[in-house]
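Note sheet for the following structure.
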Amino acid sequence: MDRKGVIGKGGGLPWKLSADLKRFKALTMGHHLIMGRKTFQSLGRLLPGRIMLVLKRPGSAYDLGFAQLYQNLPLYDAVVAAKKMRRPPPEDFIPVALVTSLDQALRLAADDAEAFVIGGAEIFQLALERVERMYVTWVEADVEGDVTFPQVDWQQWREVSCERVGADEKNEFATKFCIYERFSD
């Protein structure tokens, strides 16, 4: 997010940051990604090596065009079993599930040591009170955008680490990659 909390513009990211994309891939590879429908659409493709859990509004006719997306979970169960046995997932595995609640997404990701909530703003708002760690890319600029990150009570969080990356030909703005953990009671 930028200094004002901007995270999106016109259905995409309002910046080009190669270092951030590489960090995102390294952090999320092999994990579940929880996102809203608009975020899924903005990606424009499946992300290899990750299982994508897409929240849709209950009653929405949106179905991604797939005939079956874990509705009965046999294929998903086969993938979980294959992971436990260190075998590749079934050949016909589609790594996307439509879910209608954050609870449902978290149940599907229960065996994952760290599932990642990747947006958009409404999904971040739903998850914010439940997450224990945040990986934040701070864009050191003020950019134009139409989507902002929800308000955070930073008194509930402590910075664990922070790494600065300068702007260059592949990174439009200087950034800081910070990790925050919620203070425990």
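Atoms considered below: every heavy atom in the structure, side chains included; atoms not considered: hydrogens, waters and symmetry mates.
Contact record, A109 with H32: CB-CG, 3.6 Å, taken as the closest heavy-atom pair. Between L128 and W157, the shortest heavy-atom contact is O-CZ2, 4.3 Å. The nearest pair of heavy atoms linking T28 to F24 is OG1-O, 2.8 Å. Between D2 and D142 the shortest heavy-atom distance is OD2-CA, 3.5 Å. The two residues L102 and A127 make their nearest non-hydrogen contact at CD2-CA, 3.7 Å. Minimum heavy-atom separation, S18 to N171: N-OD1, 3.0 Å.
In this structure, a donor-acceptor pair under 3.5 Å is present between the side chains of T137 and D20. A donor-acceptor contact closer than 3.5 angstrom links the side chains of E114 and Y135.
Just one of L98, L53, V96 meets the side-chain contact (heavy atoms from CB on, under 4.5 Å) condition when paired with F40; it is V96.
With rounding to the nearest 0.5 Å, the separation of CD1 in I179 from CZ in R158 is 11.0 Å. Here L55 contributes atom CG and K38 contributes atom NZ; the two are 13.5 Å apart, rounded to the nearest 0.5 Å. Annotation: the span from T175 atom OG1 to R23 atom CZ amounts to 8.5 Å, rounded to 0.5 Å. The CZ atom of F177 sits 10.5 Å away from atom NZ of K22, with the distance rounded to the nearest 0.5 Å. A distance of 12.5 Å separates OG1 in T39 from CD1 in I34, rounded to the nearest 0.5 Å. Rounded to the nearest 0.5 angstrom, F173 CZ and K16 NZ are separated by 11.0 Å.
Follow the hydrophobic side-chain contacts under 4.5 Å out from W15 and you never reach V147; the two are in separate clusters. One hydrophobic cluster, built from ILVMFWY side chains closer than 4.5 Å, cannot hold both V165 and L21; they sit in different ones. With hydrophobic clusters built from ILVMFWY side chains whose heavy atoms lie under 4.5 angstrom apart, M29 does not share a cluster with I118. No continuous path of hydrophobic side-chain contacts links V6 to F124 [ILVMFWY only; heavy atoms under 4.5 Å]. If you chain together hydrophobic residues whose side chains sit under 4.5 Å apart, L126 and M134 fall into the same group.
Residues T100 and K56 are in side-chain contact: their nearest non-hydrogen atoms beyond the backbone lie under 4.5 Å apart. Residues V99 and V54 form no side-chain contact, since every pair of their non-hydrogen atoms from C-beta on lies 4.5 Å or further apart. Side-chain contact check for K9 versus V143: every heavy-atom pair is 4.5 Å or farther apart. Using a 4.5 Å heavy-atom threshold, the side chains of L47 and L33 count as touching. Within the 4.5 Å cutoff, the side chain of E122 has heavy atoms near those of the R57 side chain. In this structure, the side chains of K25 and R50 come closer than 4.5 Å at one or more pairs of heavy atoms. Within the 4.5 Å cutoff, the side chain of M1 has no heavy atoms near those of the T148 side chain.
Pairs passing the disulfide bond (SG atoms under 2.5 Å apart) check and including a residue from residues 151-180, sequence neighbours excluded, read C162-C178. Within the structure, disulfide bond (SG atoms under 2.5 Å apart) pairs that include any residue of residues 97-127 do not occur (at least two apart or interchain).
Aromatic pair Y180/W154: centroids less than 6.0 angstrom apart.
Between R130 and D103, at least one side-chain nitrogen of the basic residue sits less than 4.0 Å from a carboxylate oxygen of the acidic one, meeting the salt-bridge criterion. Comment: R133 engages E181 in a salt bridge, judged by a side-chain N to carboxylate O separation of less than 4.0 angstrom.
Within a 6.0 Å radius of NZ in K4, other residues, nucleotides and ligands contribute more than 12 heavy atoms.
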**OP:** In sequence, state the C-alpha distance, the side-chain angles, and the governing distance for L43 and M35, and then conclude on side chain to side chain contact (heavy atoms under 4.5 Å, CB included).
**Re:** CA-CA 11 Å; L43 295 172; M35 70 196 79; 3.9 Å; yes

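Residues passing the side-chain contact (heavy atoms from CB on, under 4.5 Å) test with E140, sequence neighbours excluded: R3, R164, A174, K176.
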